[in-house]
Student: 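I am attaching a structure below and will ask some questions about it afterwards.
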Amino acid sequence: MNSFTDNFSINGITLTARPIERQNKILTPDALEFVARLHAATAQRLQELMQIRRDRRIQIGHGQDPGFVPETEFIRNDPNWRVAPPAPGLEDRRVEITGPVDKKMTINALNSGAKVWLADMEDSFTPSWRNVIQGQLNLTDALERRIDFTSPEGKDYKLRPAGELPTIVVRPRGWHLPEKHMLINATPVAGGIVDFGLYFFHNARRLLAQGKGPYFYLPKIENHLEARLWNDIFILAQDLLGIPQGTIRATVLIETITASFEMEEILYELRDHAAGLNAGRWDYIFSMIKNFRTRGPRFVLPDRVQVTMTAPFMRAYTEQLVRACHKRGAMAIGGMAAAVPNRKDEAANAIAFEKVRADKTREAGDGFDGSWVAHPDLVPVCREVFDGVLGDRPNQLDRLREDVTPDDRALLDIAATTGTITEQGIRNNIEVGIRYIESWLRGNGAVAIHNLMEDAATAEISRSQIWQWIYSHAITDHGEIITREWVEDMLDQEFTKLERFEDDRFADARDIFEEVALDPAFQAFLTVPAYARYIDKVRESESLAI
């Protein structure tokens with residue numbers, strides 16, 4: 001809590017952050033009452049679900065492998081149920097661009113030519129108070145077409161005509177992140193409730209008037225009970241605003257190993273509001289490492305750059321996802337290729353384009369209905385690939401992938417992944433981890449490093465791999481046993497190579513990285529301690545101007 005802040009309360013919600021310009025446009029009494037109603041109806045259940053998460057991780061760590069759930073077999077075996085048909089603006093999702101909701105990205109994403117913009121308030125987004133509120137303002141401004149601006153360099157940013165803009169799908173924060181600046185009875189409101197509630201309250205009717213609707217991506221879900229909670233929130237939210245049930249549509253990211261065994265159940269819980277599932281590949285790899293980090297060599301992966309989508313456990317995951325979706329009439333959306341084009345380097349650019357083309361070709365061939373890119377220059381590449389498979393069809397829901405058999409062992413076959421652990425891989429994890437956290441602390445959660453787009457998920461892989469390699473006494477390709485002391489030496493060396501600048505946050509970033517990569521007590525998410533202790537620290541240089 002900032003020492004210069006005078007807390008004040010509106011409709012039962014205490015706001016503790018230093019106010020920013022125009023926040024009263026978002027934090028209206030009616031909007032805060034709406035958020036408070038959602039919180040009151042769900043807070044206790046959310047705490048129970050978070051305890052289930054913790055208990056499940058302990059069970060897996062002690063040797064109990066996850067698998068298909070016997071109690072929900074009747075859902076998987078019932079051939080008759082389907083999710084709701086595609087909503088307006090979500091019939092064709094062949095290219096989706098992802099990115100945070102800052103002003104520049106909002107305009108660039110909406111002008112990109114993609115079919116969908118994943119407006120991200122999660123892994124590529126730093127949840128500072130300024131970003132949270134400004135992000136909401138940017139979304140509303142975009143829908144009202146008043147977001148045009150000129151950069152300090154004199155470049156104009158203006159939206160294309162409305163008919164050329166993609167459908168907006170907002171990704172709120174995951175259940176693990178609170179909003180520490182919004183308290184009810186001294187308890188933080190869940191960040192996801194804040195992000196969803198404010199956007200829905202201010203824009204649901206506006207979106208309906210424009211012929212679309214309030215659509216969401218749901219991150220970090222670990223089981224069907226968490227999907228049920230979201231569904232109940234949707235029902236309540238629509239009732240409170242008098243909006244027809246089924247107006248909301250949600251796509252769930254399957255990015256945890258436990259969720260991969262409950263894909264059909266997740267769709268079932270959300271069936272009146274379900275739009276599909278997405279292969280959240282980077283968080284999925286992180287979830288594998290996190291859950292099996294103490295289970296020995298069979299669960300140790302090679303350098304992260306060697307863990308590709310062709311690894312057997314990743315192939316099993318994506319193919320079973322397409323099968324589950326199309327069996328139930330839901331869209332299957334592919335993951336984000338991390339390669340980022342470099343307009344100043346034609347050779348690097350060609351390599352990036354080819355990697356993305358190969359990635360999207362595999363996904364389209366597997367039956368996915370669309371996929372993600374992180375940069376506007378990659379939209380034509382992805383579109384060309386899916387155009388070649390889809391033609392004039394909006395999707396390929398008719399490809400049922402009945403040739404794929406649900407296989408719990410295949411989902412856990414990490415040992416079949418080929419590759420090695422290298423000293424360079426350790427150093428790269430250190431560099432990427434610290435550089436990403438430093439940028440995140442300054443408010444930028446999407447960072448291009450070595451021509452790869454890094455977000456919180458890839459930083460999580462970097463730090464958790466180091467933790468696991470140390471714990472497992474893993475051995476490099478040159479026969480070196482990875483120890484904490486050796487990693488500390490490399491960390492010192494890599495830190496001295498970083499290019500420092502005025503007001504950088506590298507000292508804080510190093511502290512966070514050491515905590516989440518080297519401490520014996522493994523942190524479930526690096527963003528939790530980083531947010532709790534380092535975001536919105538008192539920095540007198542901050543201005544109230546936007």
Side-chain angles (χ1 to χ4, degrees), residues 75-76 79 81-87 89-98 114-116 118 166-167 169 171 215-219 221 224 227 249-257 259-271 273-284 309-310 313-337 356 358-373 382-383 385-391 393-407 410-411:
I75 294 173
R76 300 192 297 275
W81 64 269
R82 297 288 186 277
V83 304
L90 292 178
E91 304 93 342
D92 187 333
R93 304 176 62 175
R94 67 187 68 198
V95 190
E96 301 193 355
I97 189 167
T98 75
K115 291 290 188 178
V116 168
L118 185 153
T167 299
V169 181
R171 178 163 68 167
Y215 306 142
F216 299 90
Y217 258 107
L218 304 181
I221 283 180
H224 72 282
R249 294 301 169 84
T251 304
V252 176
L253 291 118
I254 301 299
E255 51 189 355
T256 64
I257 179 57
S260 71
F261 293 100
E262 301 184 36
M263 289 189 280
E264 289 187 62
E265 292 91 327
I266 288 168
L267 288 172
Y268 180 82
E269 294 292 346
L270 286 158
R271 58 194 179 279
H273 300 105
L277 303 178
N278 172 278
R281 58 179 70 172
W282 308 118
D283 261 306
Y284 190 77
M309 296 306 294
T310 60
F313 79 99
M314 296 299 285
R315 290 292 292 152
Y317 149 64
T318 53
E319 290 198 306
Q320 292 186 49
L321 186 149
V322 174
R323 176 193 176 277
C325 284
H326 289 182
K327 178 182 177 183
R328 304 303 180 180
M331 297 276 191
I333 307 300
M336 186 180 77
V356 172
D359 181 64
K360 303 314 172 190
T361 299
R362 186 197 64 256
E363 289 180 329
D366 284 347
F368 280 96
D369 301 290
S371 192
W372 282 8
V373 297
C382 184
R383 184 173 56 232
V385 170
F386 276 88
D387 284 352
V389 172
L390 296 176
R393 296 178 300 153
N395 52 62
Q396 49 184 338
L397 286 169
D398 57 336
R399 278 203 66 194
L400 298 181
R401 291 308 309 267
E402 292 175 337
D403 57 306
V404 175
T405 302
D407 185 342
L411 290 171

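These numbers come from the heavy atoms of this one structure, side chains and all, not from hydrogens, waters or symmetry mates.
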Student: Measuring from atom CZ of Arg93 to atom NZ of Lys115, what distance do you get when rounded to the nearest 0.5 angstrom?
Tutor: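 It is 12.5 Å, given to the nearest 0.5 Å.
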Student: Could you report the tightest heavy-atom contact between Ile75 and Trp81, atom names first, then the distance?
Tutor: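 In this case the closest contact between Ile75 and Trp81 is O-NE1, 3.0 Å.
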Student: Are the side chain of Glu91 and the backbone of Gly89 linked by a donor-acceptor contact shorter than 3.5 Å?
Tutor: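 A pair under 3.5 Å: yes.
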Student: Taking the side chain as every heavy atom from C-beta outward, state whether Val83 and Tyr268 have any pair of such atoms under 4.5 Å apart.
Tutor: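 The answer is no, as the side chains (C-beta and beyond) never meet within the 4.5 Å cut-off.
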Student: Answer yes or no: is there a side-chain heavy-atom contact under 4.5 Å between Pro406 and Arg323?
Tutor: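 Yes, side chains in contact.
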Student: Under the criterion salt bridge (charged side-chain N to carboxylate O under 4.0 Å, His left out), I'd like the reasoning laid out for Asp359 against Arg281: C-alpha separation, chi angles, the key distance, then a yes or no.
Tutor: CA-CA 12 Å; Asp359 181 64; Arg281 58 179 70 172; 3.0 Å; yes
Student: Could you tell me if the side chain of Arg76 sits less than 4.5 Å from the side chain of Glu262, heavy atoms only?
Tutor: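 Of all side-chain heavy-atom pairs linking Arg76 with Glu262, none is under 4.5 Å.
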Student: May I ask you to test the Leu277-Leu267 pair for a side-chain heavy-atom distance under 4.5 Å?
Tutor: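 They are in side-chain contact.
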Student: Taking atom CD1 of Ile333 and atom CG of Leu118, what is their separation to the nearest 0.5 Å?
Tutor: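 So the CD1 of Ile333 and the CG of Leu118 are separated by 10.5 Å.
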Student: Report yes if the side chains of Val373 and Met336 come closer than 4.5 Å at any heavy-atom pair, otherwise no.
Tutor: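 The answer is no, as the side chains (C-beta and beyond) never meet within the 4.5 Å cut-off.
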Student: Taking only residues two or more places apart in sequence, or in another chain, which ones meet Arg328 in a salt bridge (charged side-chain N to carboxylate O under 4.0 Å, His left out)?
Tutor: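 Counting only residues at least two positions away or on another chain, Arg328 forms a salt bridge (charged side-chain N to carboxylate O under 4.0 Å, His left out) with Glu264.
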Student: From Lys360 NZ over to Arg383 CZ, what is the distance, rounded to the nearest 0.5 angstrom?
Tutor: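 The CZ atom of Arg383 is 14.0 Å from NZ of Lys360, to the nearest 0.5 Å.
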Student: Under 4.5 Å between any side-chain heavy atoms of Leu390 and Arg393, yes or no?
Tutor: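 The answer is yes, as the side chains (C-beta and beyond) meet within the 4.5 Å cut-off.
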Student: Which heavy atom in Tyr215 sits nearest to a heavy atom in Thr167, and how many Å separate them?
Tutor: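 Shortest heavy-atom separation between Tyr215 and Thr167 comes out as CD1-CG2, 3.5 Å.
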Student: Work out which heavy atom in Ala330 is nearest to a heavy atom in Leu397; give both atom names and the distance.
Tutor: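 Between these two residues, the closest heavy atoms are O-CD2, 3.1 Å.
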Student: Is there a salt bridge (charged side-chain N to carboxylate O under 4.0 Å, His left out) between Asp369 and Arg399? Walk through the geometry before answering.
Tutor: CA-CA 10 Å; Asp369 301 290; Arg399 278 203 66 194; over 6 Å; no
Student: To the nearest 0.5 Å, what is the distance between NE2 on His326 and CE on Met331?
Tutor: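 Taking NE2 in His326 and CE in Met331, the distance rounds to 8.0 Å.
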Student: After noting the C-alpha distance and the side-chain angles of Val169 and Leu90, does the key distance pass the side-chain contact (heavy atoms from CB on, under 4.5 Å) rule?
Tutor: CA-CA 9 Å; Val169 181; Leu90 292 178; 4.1 Å; yes
Student: Testing the basics here: between Tyr284 and Thr256, what is the closest heavy-atom pair and its distance to 0.1 Å?
Tutor: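 The pair with the smallest heavy-atom distance is CE1-O, 3.6 Å.
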Student: Under the side-chain contact (heavy atoms from CB on, under 4.5 Å) criterion, do Val322 and Val404 qualify, and how do the steps go?
Tutor: CA-CA 9 Å; Val322 174; Val404 175; over 6 Å; no
Student: For residues Thr318 and Phe368, determine if any side-chain heavy atom of one lies less than 4.5 Å from a side-chain heavy atom of the other.
Tutor: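 They are in side-chain contact.
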Student: May I ask you to decide if Glu255's main-chain N or O and Tyr317's side chain share a donor-acceptor pair within less than 3.5 Å?
Tutor: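 Side chain of Tyr317 to backbone of Glu255, a donor-acceptor pair under 3.5 Å: no, none is there.
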Student: Quick check for you: to the nearest 0.5 Å, what is the distance between Leu253 atom CG and Asn278 atom CG?
Tutor: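 Answer rounded to 0.5 Å: 4.5 Å.
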Student: Please give me the minimum heavy-atom distance between Arg82 and Gly329, naming the atom from each residue.
Tutor: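 Shortest heavy-atom contact: CD-N, 4.0 Å.
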Student: Are any of the side-chain heavy atoms of Cys382 and Arg94 separated by less than 4.5 Å?
Tutor: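 Result no, sub-4.5 Å side-chain heavy-atom pair not found.
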Student: Taking all atoms of both residues into account, what is the closest heavy-atom pair of Leu411 and Phe313, and its distance?
Tutor: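 For Leu411 and Phe313, the tightest heavy-atom pair comes out as O-CB, 3.9 Å.
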Student: Taking atom SG of Cys325 and atom CD of Gln320, what is their separation to the nearest 0.5 Å?
Tutor: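 Answer for the SG-CD pair, Cys325 versus Gln320, is 12.0 Å.
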